[in-house]
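Some notes on the structure that comes next.
One is the number of the first residue; the rest follow in order along the sequence.
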Amino acid sequence: MNENLAALIPEIALLAAAVIGLLAGSWLPRRRQWIVAVLAVAACTAGLVATSITMATGREQAVFADALAVDAATNAGRLTVLGALLLVITMSVETVRGHKRETEYWVLLLLTGAGTLALLGANDLLMLFAAYLLASIPAYALAAFAKDNFGTEAALKYYLMGALLGTTMLAGTALFYGAGHATLYRELRTTLPEAPYGLVAVALVAVLAGLLFKAGAVPAHYWVPDVTNGAPAPVAAYVTTLPKIGALIAGYRLLHQALPDSDVNWPLLLAVLAGVTMTLGNLAAFFQTSVKRLLAYSTISQVGYLLMALAVATRTDLAQKSLLFYLAAYAVTNLGAFAIVTALPAARTLQDYRGLARRRPGLAAVLVVCLLGLVGTPPTGIFLGKLEIFSATIDGGYTWLAALAVTNTVTSLFYYLRWLTPLFTTTKSAPLATHTALGRWTTATAYTAGTLALGLGIAGGAVLPFGNGDLLP
């Protein structure tokens, strides 16, 4: 059995930093707890370096009884998750600096980040559920970090839905074991085709329920608007971005590796869920006035586009690279938008951004790039991601779904323009948005994310090949 710990350096780095940070934070004075943030940055950097070396050497392996696969999808996901986690950390500096629970914030962020990394390579149902728990439980606490009424309500809804759908996911794991007499994907691949159809179908729906919750997809999306609105802005940025990466790559691996030959028509199920999710997210966002709630429904619609790749996971070779690239582009674009929201905490509604282009032209430019990027406007990264994922969907035989996605993309421009229009209003500026003191770390995060959103679109041809490669059995 391969027990090579070097293959898990990114995960180990985050967990070690969390443990060391928790112990150090117990002794550090409040004014010195920023050291734990530096430790978190060092852990993410170490993970990025280790992943880059692994990709350069081309060594792919399955470790610890093949429960965790380190392959092209895992490594591409690691780069996205760790890079996004670095942006969340820098975005959070001004929000938690000097807070009496600053150490706990960084530790919880590291723990839930480690759980997300574990989801990427989960190659066994038990590993998948353990990663789900590690990614979820610290996030519940983060949602209530502010300890105010909105945050407490948001965390409670988040926890209750996570507990319900996590239990459902565990029940699905038990049913899969009963149907296929195994939990390892490679073994389920050979045993499930002979298992009772109904049992496999119920098991799949139950396991997908947990992954759809993490991704924020219909019908497990109800927590997204309240948590996004009630949690601190950097936490909202985290929960609408990183869990999606882990859940969607984990779902892709499950469907591609364990169920390619199953009689259950899961591609149609995923296609229907994708269509409903993107449409509901767009329709709900149309008349939102709260910037956080608008971004919340925007993230739901984005999951709909991403689910298209899962629907054609076994039908086209384009599915994997389109999913991985879209996730990377979405991560930096969504975090860029949330960085602007974090930088202007008093601006809660669309009208609070009146005159931002005149008073804060740099931030306005980043917001324009990120919001038009979320639409899928060239030359942003999401434009190329959508182009790839729509092509994969058509190649996989779901032309109707691609047509629905194009329609939703065009209609989504309406609610993003409702936010962009006030930026260029020439009447009196909104004092909440234009006279707020800006944090340099949050501002730097916004500029970095906006640059990456454009960079991925311009240099997409060089980045896309990193998503190629077979998944390990």
How long is the gap from [atom1] on [X] to [atom2] on [Y], to the nearest 0.5 Å?
{"X": "Leu384", "Y": "Leu456", "atom1": "CG", "atom2": "CG", "answer": "9.0 Å"}
{"X": "Thr116", "Y": "Lys244", "atom1": "OG1", "atom2": "NZ", "answer": "11.5 Å"}
{"X": "Ile137", "Y": "Tyr140", "atom1": "CD1", "atom2": "OH", "answer": "7.0 Å"}
{"X": "Tyr415", "Y": "Asn282", "atom1": "OH", "atom2": "CG", "answer": "3.5 Å"}
{"X": "Leu248", "Y": "Leu307", "atom1": "CG", "atom2": "CG", "answer": "6.0 Å"}
{"X": "Leu48", "Y": "Leu86", "atom1": "CG", "atom2": "CG", "answer": "6.0 Å"}

Exercise for the section: Indicate the ring-plane relationship of Phe213 and Trp223, choosing parallel, tilted or perpendicular according to the 30° and 60° boundaries. Expected result: tilted

Exercise for the section: Anything under 30° is parallel, anything over 60° is perpendicular, the rest tilted; go ahead and classify Tyr132 against Phe129. Expected result: parallel

Do we see a donor-acceptor contact under 3.5 Å between the side chains of [X] and [Y]?
{"X": "Thr241", "Y": "Asn334", "result": "yes"}
{"X": "Tyr238", "Y": "Thr112", "result": "yes"}
{"X": "Thr240", "Y": "Thr228", "result": "no"}
{"X": "Ser301", "Y": "Asn408", "result": "no"}
{"X": "Thr183", "Y": "Asp124", "result": "yes"}

Using modelled atom types only, decide if a donor and an acceptor are shared between the side chain of [X] and the backbone of [Y] within a distance under 3.5 Å.
{"X": "Ser298", "Y": "Leu294", "result": "no"}
{"X": "Thr377", "Y": "Gly373", "result": "no"}
{"X": "Asn123", "Y": "Asp66", "result": "yes"}
{"X": "Thr80", "Y": "Ala76", "result": "yes"}
{"X": "Arg189", "Y": "Ala258", "result": "no"}
{"X": "Thr74", "Y": "Ala69", "result": "yes"}
{"X": "Thr299", "Y": "Ala296", "result": "yes"}
{"X": "Arg78", "Y": "Pro10", "result": "no"}
{"X": "Ser322", "Y": "Ala319", "result": "yes"}
{"X": "Thr277", "Y": "Val218", "result": "yes"}

Search all heavy atoms of [X] against all heavy atoms of [Y] and return the closest pair with its distance.
{"X": "Val303", "Y": "Gly216", "value": "CG2-O, 4.4 Å"}
{"X": "Glu60", "Y": "Ala72", "value": "OE2-N, 3.4 Å"}
{"X": "Cys44", "Y": "Leu85", "value": "SG-CD2, 3.6 Å"}
{"X": "Ala206", "Y": "Gly172", "value": "CB-CA, 3.5 Å"}
{"X": "Leu327", "Y": "Ile245", "value": "CD2-CA, 4.0 Å"}
{"X": "Pro234", "Y": "Thr95", "value": "CG-OG1, 3.6 Å"}

Handout entry: Aromatic centroids of Tyr326 and Phe383 separated by under 6.0 Å
Key = no

Exercise for the section: Walk me through it: do Ile249 and Leu324 pass the test side chain to side chain contact (heavy atoms under 4.5 Å, CB included)? Expected result: CA-CA 8 Å; Ile249 293 178; Leu324 296 174; 3.6 Å; yes

Do [X] and [Y] come within less than 4.5 Å of each other through their side chains, counting heavy atoms only?
{"X": "Arg315", "Y": "Tyr398", "value": "yes"}
{"X": "Val291", "Y": "Ile340", "value": "no"}
{"X": "Arg293", "Y": "Asp226", "value": "yes"}
{"X": "Glu187", "Y": "His181", "value": "no"}
{"X": "Tyr185", "Y": "Leu254", "value": "yes"}
{"X": "Val239", "Y": "Lys214", "value": "no"}
{"X": "Asp71", "Y": "Arg253", "value": "yes"}
{"X": "Leu175", "Y": "Leu204", "value": "no"}

Flag if over 12 foreign heavy atoms under 6.0 Å of [atom1], [X]:
{"X": "Asp317", "atom1": "CG", "result": "no"}
{"X": "Phe414", "atom1": "CZ", "result": "yes"}
{"X": "Tyr159", "atom1": "OH", "result": "no"}
{"X": "Phe286", "atom1": "CZ", "result": "yes"}

Practice task
Give the C-alpha distance, both sets of side-chain angles, the deciding distance and a yes or no for side-chain hydrogen bond (donor to acceptor under 3.5 Å, both in side chains) between Thr90 and Thr445.
Solution key: CA-CA 6 Å; Thr90 55; Thr445 302; 2.7 Å; yes

Exercise for the section: Check the pair Leu8 / Leu68 against side chain to side chain contact (heavy atoms under 4.5 Å, CB included), numbers first and verdict last. Expected result: CA-CA 9 Å; Leu8 305 180; Leu68 195 80; 2.9 Å; yes

Exercise for the section: Quick one: do Tyr222 and Lys157 satisfy side chain to side chain contact (heavy atoms under 4.5 Å, CB included)? Show the steps, please. Expected result: CA-CA 9 Å; Tyr222 293 101; Lys157 291 180 179 178; over 6 Å; no

Problem - Row check, Tyr305 ring normal vs Lys386 NZ/CZ: under 6.0 Å, within 45° - result: yes

Handout entry: Candidates Thr314, Leu310, Leu208 - the one meeting side chain to side chain contact (heavy atoms under 4.5 Å, CB included) with Trp266
Key = Thr314

Practice task
Starting from the C-alpha separation in whole Å, work towards a yes-or-no answer on side chain to side chain contact (heavy atoms under 4.5 Å, CB included) for Met278 and Thr409.
Solution key: CA-CA 9 Å; Met278 69 177 74; Thr409 295; over 6 Å; no

